[in-house]
**Student:** 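Handing you this structure, nothing more for now.
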Amino acid sequence: MAINTLVLDLETGDRLSKLQIAAESIKKGGIVVFPTETVYGLGANALDGDAVGKIFTAKGRPADNPLIAHFSSFEAARPYIKNMSAGANLLAKAFMPGPLTLVVNKGEGISDNATCGLGTVGIRIPSNADARDFLALSGVPIVAPSANVSGRPSPTAPSHVINDMDGKVDVILLGGACEFGVESTVVDCSKEPFELLRPGAVSLSDLRRFAYVEHHDAGEGQKPKSPGMKYQHYKPSASVIALDCPHEAAVGIINSGCAGTTGTAALVFEEFLDSAKAPLVLSLGSAKDPSQAAKKLFALLRECDLAGMGRIYAMCPSDEGIGLAYRNRLFKAADNIIS
Ligand code: AMP
Ligand code: MG
């Protein structure tokens, strides 16, 4: 059943009163889309199991995929955490607020609906000012997954959330394009050694300056380390071919694969915009700065769908820094990886 969604643009007019309206909706058990520095989130009061349930319905999210709890400050999170280790505290001090989620032992309060009955909870303190003010005004922890229909590319711009969530949620707060464009780095700190569950803008080398964090590449047939890892993710309607090879070789594959086609797109680094010959060629920004590719990836996948493309070729950066996050999202979206 369609809901009458209130859409509020935080970039015009009285920002504070719009945040207040959204916070009131949360207190009354509503669900609210809000901007963060990673991607747009779909939030509910983490203490209210019925409100949390509405998130799963709006997204079509599998019931065993736990949600991350967001707080306006680390102090606000403390009462909901049990026995946080010294190493986890170091990571929190270094990277919170910011695009990092720490999975820690769960204290009392957060609904079991949000953590899917696990004894752990993912904690995040966004750095985005709109998100933090919204959290502070709401006065409760807010659980929020990405504000997309489950399985589709995450929303990183206002048009994406309008497209996916208008008519399904109580309030949509619009705050422009997201700074990082990929979801938070997730580290499991509930066991030793810590383990990277999802790469993001806080890179492995950033983390390892403060604590040892293991990373295992998810191989075929491996048991998922976190419930969310077993599901299909980030997929546009078009089929996606990831080109995990030298960029010159990728151009060759694009040019032979696109010859004579009309519905094929290529996502290439800007250094190759002239040499790639596809009906639709879109820029990932410079190969020297993979943060641009990470920021643009989900938006470009959606743009290819809107343009009616049936197939998308996409170049890859190396796995250094945020390149690991780009590769993780692209490979999950891909039907085929050519290396
Ligand atoms: P999303 O909310 O869709 O951005 O995804 C959140 C990710 O964090 C998913 O991969 C979840 O499985 C993972 N996650 C959230 N809470 C926990 C937890 N308590 N333990 C392990 N993984 C978690
Ligand atoms: Mg998601």
Side-chain angles (χ1 to χ4, degrees), residues 31 33-44 46 52 54-56 58-71 77 80-84 88 99-107 109-124 126 131 141-156 160-161 164-165 178 180-191 194-202 213-216 218 222-236 294 297-298 301-302 325 328-333:
I31 53 174
V33 173
F34 62 101
T36 83
E37 71 277 19
T38 58
V39 303
Y40 275 81
L42 171 57
V52 172
K54 294 180 190 170
I55 290 180
F56 288 86
K59 277 183 64 89
R61 184 176 174 103
D64 67 346
N65 190 359
L67 306 178
I68 292 167
H70 296 69
F71 302 85
Y80 301 96
I81 301 171
K82 209 169 62 183
N83 305 332
M84 193 156 152
L100 175 67
T101 296
L102 298 179
V103 173
V104 294
N105 291 318
K106 185 183 161 184
I110 306 275
S111 163
D112 279 340
N113 281 3
T115 52
C116 305
L118 297 173
T120 55
V121 60
I123 298 287
R124 187 162 113 73
I142 290 183
V143 280
S146 49
N148 52 288
V149 172
S150 219
R152 313 288 292 169
S154 298
T156 56
H160 306 164
V161 282
D164 280 21
M165 289 296 151
C178 299
F180 294 112
V182 284
E183 304 84 347
S184 59
T185 305
V186 180
V187 179
D188 186 352
C189 298
S190 69
K191 56 172 194 112
F194 297 167
E195 184 174 359
L196 182 72
L197 297 181
R198 178 174 73 186
V202 176
V213 177
E214 274 188 336
H215 169 54
H216 305 284
Q222 220 174 292
K223 189 170 174 286
K225 307 238 181 286
S226 148
M229 289 166 80
K230 65 177 180 281
Y231 293 108
Q232 178 171 306
H233 276 304
Y234 319 125
K235 286 203 181 280
L297 178 64
F298 289 137
L301 295 178
R302 283 176 180 259
N328 169 269
R329 306 312 189 274
L330 178 66
F331 293 174
K332 282 180 190 269

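In what follows, every heavy atom counts, from backbone to side chain, and hydrogens, waters and symmetry copies are set aside. Whatever order the structure lists ligands and atoms in, that order sets their numbers, starting from 1. Keep in mind the model is a prediction, meaning the values are calculated, not measured.
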**Student:** Could you tell me whether the side chain of Thr115 reaches within less than 4.5 Å of the side chain of Ile110, counting heavy atoms only?
**Tutor:** yes
**Student:** So which bit of Asn65 gets within less than 4.0 Å of ligand 1, heavy atoms only: side chain, backbone, both or neither?
**Tutor:** side chain
**Student:** State the atoms of ligand 1, each with its element, that fall below the 4.0 Å cut-off from a heavy-atom position in Thr120.
**Tutor:** 18 (C), 19 (N), 20 (N)
**Student:** Given Arg124, Arg198, Glu183, identify the one with the heavy atom nearest to atom 1 (P) of ligand 1.
**Tutor:** Arg198
**Student:** So between Gly41, Ser190, Pro66, whose heavy atom ends up nearest atom 16 (N) of ligand 1?
**Tutor:** Pro66
**Student:** Numbering the atoms of ligand 1 from 1, which are under 4.0 Å from a heavy atom of Pro145?
**Tutor:** 2 (O)
**Student:** Should you measure from each heavy atom of Val121, which atoms of ligand 1 turn up under 4.0 Å away?
**Tutor:** 19 (N)
**Student:** I'd like to check which ligand 1 atoms, numbered from 1 as shown, lie under 4.0 Å from a non-hydrogen atom of Arg61.
**Tutor:** 1 (P), 2 (O), 3 (O), 5 (O)
**Student:** Side chain, backbone, both or neither: which part of Ile68 has a heavy atom under 4.0 Å from ligand 1?
**Tutor:** side chain
**Student:** Quick test of your reading of the model: are Asp188 and Arg198 salt-bridged, counting only N-O distances below 4.0 Å?
**Tutor:** no
**Student:** Do the charged groups of Arg124 and Glu37 touch, with an N to O distance under 4.0 Å?
**Tutor:** yes
**Student:** Report whether any nitrogen, oxygen or sulfur of Ser146 sits less than 2.8 Å from the Mg ion (ligand 2) (N, O or S, backbone or side chain).
**Tutor:** yes
**Student:** Report yes or no: does Thr101 contribute a side-chain atom to a donor-acceptor pair with the main-chain N or O of Val186 at less than 3.5 Å?
**Tutor:** no
**Student:** Quick check on contacts: which atoms of ligand 1 are under 4.0 angstrom from a heavy atom of Leu118?
**Tutor:** 18 (C), 19 (N), 20 (N)
**Student:** Is it true that atom NZ of Lys82 has more than 12 heavy atoms of other residues, nucleotides or ligands lying nearer than 6.0 Å?
**Tutor:** no
**Student:** Between Glu183 and Ser146, is the side chain to side chain donor-acceptor pair (under 3.5 Å) condition met? List the steps.
**Tutor:** CA-CA 8 Å; Glu183 304 84 347; Ser146 49; 4.8 Å; no
**Student:** Measure the shortest side-chain to side-chain distance between Met165 and His160 over non-hydrogen atoms and say whether it is less than 4.5 angstrom.
**Tutor:** no
